[in-house]
Novice: 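Take a look at the following structure, please.
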Amino acid sequence: MVFLFGEGTFIEKIQTILRLTKTHALNLAKFVFSYKLILGLLEKFQGRKKEWHSFTAAFIMGYFVFGDNNAVNTQINLYLLSRVTLGLVKLAVENKIMPQPAFPVFPWFAAMLWGLVLWMFEHHSGVLHGSLVKSMTYLYKDSDVWTNIRNFIIKNK
């Protein structure tokens, strides 16, 4: 994504990738270590592992590690949001809170998602995340104009 949509020279793009990778790795390391530490302490104080321990430990460390509003944390949190949303729906079906649909749901999910994002991009792009707008601008606006095969295939504008 940095190479396709990022700004700067080749070296600057490599530096950006290394910086983002370092942030990602350090945040995961901080989170996992601290989460496991809190989990262990809760289990020790309670005498045994309880279901609420994992939520509490993750809640605390999610705030401190992934609560900083930066590009890496935004990507990780949005990734988790989509996975958790699907997991909660599956959990609701497993626990009979809602019935198992009698038709394939995923095509409707994809249709709604893509319909919403392109409507928002075309008419309310200011509410979307900047990197999404940038990539969608490249794909859906910049692609309207090209002068030769190089800027059509490799990079336009």
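Since the model is a prediction, treat every value here as computed from it, not as a measurement. Nothing fancy with the numbering, it's 1 onward along the sequence.
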Novice: Not counting sequence neighbours, list each pair that qualifies as a ring pair (Phe, Tyr, Trp, His ring centres under 6.0 Å) and has a residue in residues 62-92.
Specialist: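 Residue pairs passing ring pair (Phe, Tyr, Trp, His ring centres under 6.0 Å), neighbours aside: F31-F66.
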Novice: Can you find a pair of side-chain heavy atoms, one from F121 and one from T137, that are under 4.5 Å apart?
Specialist: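 Side chain of F121 against side chain of T137, heavy atoms only: contact under 4.5 Å found.
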Novice: Is the closest side-chain heavy-atom distance between K134 and H129 below 4.5 Å?
Specialist: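 In short, these two side chains do not touch, never coming nearer than 4.5 Å.
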Novice: Got a second to check how far L80's CG is from Q75's CD, nearest 0.5 Å?
Specialist: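 Between atom CG of L80 and atom CD of Q75 there are 11.5 Å.
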Novice: Counting only heavy atoms not in W52 (residues, nucleotides, ligands), do more than 12 fall under 6.0 Å from its CH2?
Specialist: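 Atom CH2 in W52 is packed in, count exceeds 12.
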Novice: Judged by atom type as modelled, is there a donor-acceptor pair below 3.5 Å linking the side chain of N73 to the main-chain atoms of N69?
Specialist: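 No; judged by distance alone, with no hydrogens or angles, the pair does not exist.
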Novice: Do F103 and V105 make a side-chain contact, defined as non-hydrogen atoms from C-beta onward lying under 4.5 Å apart?
Specialist: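 Contact flag for F103/V105 side chains = yes.
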Novice: Identify whether V127 and L78 are in the same connected component of the hydrophobic contact network (ILVMFWY, side-chain heavy atoms under 4.5 Å).
Specialist: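 As far as the 4.5 Å side-chain criterion goes, L78 and V127 are not connected within one cluster.
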Novice: I want to check something: taking the side chain as every heavy atom from C-beta on, are T21 and V72 in contact at a cut-off of under 4.5 Å?
Specialist: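 T21 does not reach V72 side chain to side chain.
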Novice: Can you name the closest pair of heavy atoms from Y35 and A58 and give their distance?
Specialist: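 Minimum heavy-atom separation between Y35 and A58: CD1-N, 3.5 Å.
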Novice: Membership question, hydrophobic clusters at under 4.5 Å side-chain separation (ILVMFWY): are V65 and L28 in the same one?
Specialist: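 Linked within one cluster.
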Novice: Counting neighbours of NZ on K36 that are heavy atoms of other residues, nucleotides or ligands and sit closer than 6.0 Å, is the number greater than 12?
Specialist: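 Not more than 12 within 6.0 Å, no.
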Novice: Just how far is it from atom CG of D142 to atom OG of S135, taken to the nearest 0.5 Å?
Specialist: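 Reported value, rounded in 0.5 Å steps: 11.0 Å.
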Novice: The test is side-chain contact (heavy atoms from CB on, under 4.5 Å); show your working for L118 and M136 and say whether it passes.
Specialist: CA-CA 9 Å; L118 265 299; M136 292 184 89; 3.6 Å; yes
Novice: Is S125 reaching over with its side chain to a backbone N or O of E122, donor-acceptor style, under 3.5 angstrom?
Specialist: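 Judged by distance alone, no pair lies under 3.5 Å.
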Novice: Would you say the side-chain atoms of E94 pair up with the backbone N or O of L91, donor to acceptor, closer than 3.5 Å?
Specialist: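 The answer is no, because no donor-acceptor pair under 3.5 Å joins these two groups.
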Novice: Tell me, with the steps shown, if R19 and H24 meet side-chain contact (heavy atoms from CB on, under 4.5 Å).
Specialist: CA-CA 9 Å; R19 181 180 47 77; H24 185 259; over 6 Å; no
Novice: Of all residues at least two apart in sequence or in a different chain, which pass the side chain to side chain donor-acceptor pair (under 3.5 Å) check with E43?
Specialist: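 Testing E43 for side chain to side chain donor-acceptor pair (under 3.5 Å), a comparison that skips the adjacent residues, returns none.
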Novice: I need the minimum non-hydrogen distance between L39 and A57, along with the two atoms involved.
Specialist: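 In this case the closest contact between L39 and A57 is N-CB, 4.1 Å.
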Novice: How far does CD of Q46 sit from NZ of K44, to the nearest 0.5 angstrom?
Specialist: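 Interatomic distance, Q46 CD to K44 NZ, rounded to 0.5 Å: 13.0 Å.
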Novice: Evaluate the side-chain contact (heavy atoms from CB on, under 4.5 Å) criterion for residues V117 and L132: first the C-alpha distance (whole Å), next the side-chain angles of each, then the deciding distance (0.1 Å), finally the verdict.
Specialist: CA-CA 10 Å; V117 76; L132 176 63; 3.8 Å; yes
Novice: How about L26 and K22: do any of their side-chain heavy atoms sit closer than 4.5 Å?
Specialist: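 L26 vs K22: side chains touch.
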Novice: Which atoms form the tightest heavy-atom contact between S34 and M61, and what is the distance?
Specialist: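 Answer, listing the atom of S34 first, then M61: CB-CE, 3.4 Å.
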Novice: Side-chain heavy atoms nearer than 4.5 Å, only ILVMFWY residues, links allowed to pass through others: does that put W114 and M120 together?
Specialist: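 Yes; tracing contacts between hydrophobic side chains, which count when under 4.5 Å, links both residues.
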Novice: Test of understanding: clusters of I, L, V, M, F, W, Y form through side-chain heavy atoms closer than 4.5 Å, transitively. Do L116 and L113 belong to the same one?
Specialist: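 In one cluster with L116: L113, no.
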Novice: Out of curiosity, I60 CD1 to L42 CG, how far, rounded to the nearest 0.5 Å?
Specialist: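 Rounded to the nearest 0.5 Å, the CD1-CG separation comes out at 7.0 Å.
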Novice: Do you reckon L20 sits in the same ILVMFWY cluster as I17, going by side-chain contacts under 4.5 Å, direct or chained?
Specialist: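 Same cluster.
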